[in-house]
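Worksheet: one structure, shown below.
No experiment lies behind these values; they were computed from the predicted model shown. Just so we're on the same page: letters track the sequence lines, and every chain starts at 1.
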2 protein chains.
Amino acid sequence: MQSALTLLSALAEPTRLAAVRLLWDGREHCVCELVRVLGVTQSRMSRHMAALKQAGIVIDRRDAQWVRYRRNPELPAEQAAIIDAVVNSLKTRSDRKAA
Amino acid sequence: MQSALTLLSALAEPTRLAAVRLLWDGREHCVCELVRVLGVTQSRMSRHMAALKQAGIVIDRRDAQWVRYRRNPELPAEQAAIIDAVVNSLKTRSDRKAA
DNA sequence: TGCGCATATGCGTGCAAGCGCATTTATGAT
DNA sequence: ATCATAAATGCGCTTGCACGCATATGCGCA
């Protein structure tokens with residue numbers, strides 16, 4: 001049950017959920033981009049990305065002065081299914097841009 | 001995004017997640033049964049069930065001195081899909097009884 | 001070497017969540 | 001009426017989380 005709780009806790013926060021939604025396009029995104037798009041402070045974004053990484057949801061890669069985050073390709077299928085369902089639920093109506 | 005966050009926050013707590021797993025058999029369960037099965041105090045269980053009800057995940061029904069909870073049949077499909085995925089992930093290996 | 005951009009982190013603060021205990025409220029049985 | 005069982009709730013406490021600010025670290029370029 002622990003892994004499910006870890007996953008759910010990681011997703012149950014607005015900034016992190018928004019970040020996961022963005023990262024779920026399968027591509028890489030640097031922290032500075034997320035900061036710009038989501039309109040949050042840098043330290044806040046950095047910490048939340050560290051939390052998502054800690055939860056095993058994303059992985060990071062250093063690229064010059066940037067750190068690029070992306071969806072963890074080794075995420076177990078059962079957990080990926082949960083996130084897919086969550087992200088899918090965000091596609092509904094006004095959720096496309098609403099906070 | 002709010003409804004997804006509400007749902008995720010409700011599930012991201014051990015006692016509530018355990019309760020949801022039990023209730024996801026589709027049948028009714030009174031608080032006293034959950035207290036016994038999950039081994040938690042009565043006030044704790046009562047509050048957590050109130051939280052799940054508040055989140056729209058379950059509904060309750062008074063039956064004599066008991067209050068019977070069950071899965072909310074009117075839960076939107078996108079949200080039900082999330083919970084289904086979560087509950088399904090709990091079926092893996094040792095998660096059957098582990099806390 | 002020195003500068004600038006990107007990212008991480010130490011620190012202190014405020015707030016919300018979860019808890020147990022005790023009590024109250026419902027309901028039914030004797 | 002009294003009592004027993006079930007459930008909810010007021011209260012106070014503790015803890016963990018998220019936050020911003022300031023600073024440190026990593027990296028490339030001039």
Side-chain angles (χ1 to χ4, degrees), chain A residues 1-23 27-72 99, chain B residues 1-23 27-72 99:
Chain A
M1 168 163 282
Q2 195 46 60
S3 66
L5 281 170
T6 299
L7 183 72
L8 291 166
S9 299
L11 296 176
E13 199 284 329
T15 303
R16 288 197 295 266
L17 182 56
V20 166
R21 169 155 61 159
L22 287 177
L23 291 197
R27 289 180 294 167
E28 284 187 329
H29 299 266
C30 64
V31 180
C32 59
E33 179 194 344
L34 300 173
V35 165
R36 268 181 271 115
V37 175
L38 300 180
V40 299
T41 65
Q42 183 269 322
S43 78
R44 185 168 160 181
M45 198 73 250
S46 177
R47 281 186 215 276
H48 282 306
M49 294 314 293
L52 289 174
K53 179 184 172 186
Q54 174 69 26
I57 296 175
V58 304
I59 59 175
D60 64 343
R61 175 178 75 91
R62 185 105 216 180
D63 175 16
Q65 68 252 63
W66 298 278
V67 173
R68 317 234 181 233
Y69 282 93
R70 68 178 191 279
R71 166 181 178 155
N72 178 6
Chain B
M1 168 162 282
Q2 195 47 60
S3 66
L5 280 170
T6 299
L7 183 72
L8 291 166
S9 299
L11 296 177
E13 199 285 330
T15 303
R16 288 197 296 266
L17 181 56
V20 166
R21 168 155 62 158
L22 287 176
L23 290 197
R27 287 180 294 166
E28 285 186 329
H29 300 266
C30 63
V31 178
C32 59
E33 179 195 344
L34 300 173
V35 164
R36 270 181 270 117
V37 175
L38 300 181
V40 300
T41 65
Q42 183 267 321
S43 78
R44 185 168 159 180
M45 198 73 250
S46 177
R47 282 187 215 276
H48 281 306
M49 294 315 294
L52 289 175
K53 179 183 171 185
Q54 175 70 26
I57 297 175
V58 304
I59 59 175
D60 64 342
R61 173 178 76 91
R62 185 105 215 181
D63 175 18
Q65 68 254 63
W66 299 277
V67 172
R68 315 228 182 240
Y69 282 92
R70 69 177 189 279
R71 165 182 179 155
N72 179 7

Ignoring hydrogens and geometry, is there a side-chain-to-backbone donor-acceptor pair from B/N72 to B/G56 under 3.5 Å?
yes
Name of the residue among A/I57, A/L52, A/L11, A/V58 meeting side-chain contact (heavy atoms from CB on, under 4.5 Å) with A/R16:
A/L52
Within a radius of less than 6.0 Å around CD of A/Q65, do more than 12 heavy atoms belonging to other residues, nucleotides or ligands occur?
yes
A/T41 or A/D63, whichever maps to the more 5' nucleotide of DNA chain D:
A/T41
Which listed nucleotide (C/dT7, D/dC11, D/dG26) is nearest to the side chain of B/R47?
D/dC11
Any donor-acceptor pair under 3.5 Å joining the side chain of B/R16 to the base of C/dG18?
no
With a non-hydrogen cut-off below 4.0 angstrom, is A/S46 in contact with a base, only sugar-phosphate, or nothing?
base
When rounded to whole Å, the CD to C1' distance for the pair B/E28 and D/dA6 reads 15 Å
A/E13 has an atom CD; how far is it from atom P of C/dA17, in whole Å?
13 Å
So which nucleotide from D/dC27, C/dT27, C/dC19 ends up closest to the side chain of B/Q65?
C/dT27
For the side chain of B/S43, starting at C-beta, report the closest nucleotide among C/dC21, D/dG20, C/dC5.
C/dC21
Return yes when atom CZ of B/R27 has more than 12 non-hydrogen atoms of other residues, nucleotides or ligands closer than 6.0 Å, and no otherwise.
no
B/H48 side chain near C/dA17 phosphate (N/O to OP1/OP2, under 4.0 Å)
no
Check this for me: does the side-chain of B/Q42 come within 3.5 Å of the base of D/dA8 through a donor and an acceptor?
yes
Between atom CH2 in A/W66 and atom C1' in D/dT25, what is the gap in whole Å?
17 Å
Treating B/S46 as the side-chain partner and B/Q42 as the backbone partner, does any N or O pair qualify as donor plus acceptor under 3.5 Å?
no
Nearest whole angstrom, please: distance from the P of C/dA8 to the CZ of A/R61.
14 Å
Take atom CG of B/L38 and atom P of C/dG18, then tell me their distance rounded to the nearest Å.
15 Å
Could you tell me the separation between the CE atom of A/M49 and the P atom of D/dC19, rounded to a whole number of Å?
14 Å
Taking atom types as they are modelled, would you say the side chain of B/R62 forms a donor-acceptor pair with the base of C/dG28 within the 3.5 Å cutoff?
no
Gap between atoms CD and C1', on B/E33 and D/dA7 respectively (whole Å)
15 Å
In this structure, how many angstroms lie between the P atom of D/dT5 and the CE atom of B/M45, rounded?
21 Å
So, OP1 or OP2 of C/dA8: does either fall under 4.0 Å of a side-chain N or O from A/Y69?
yes
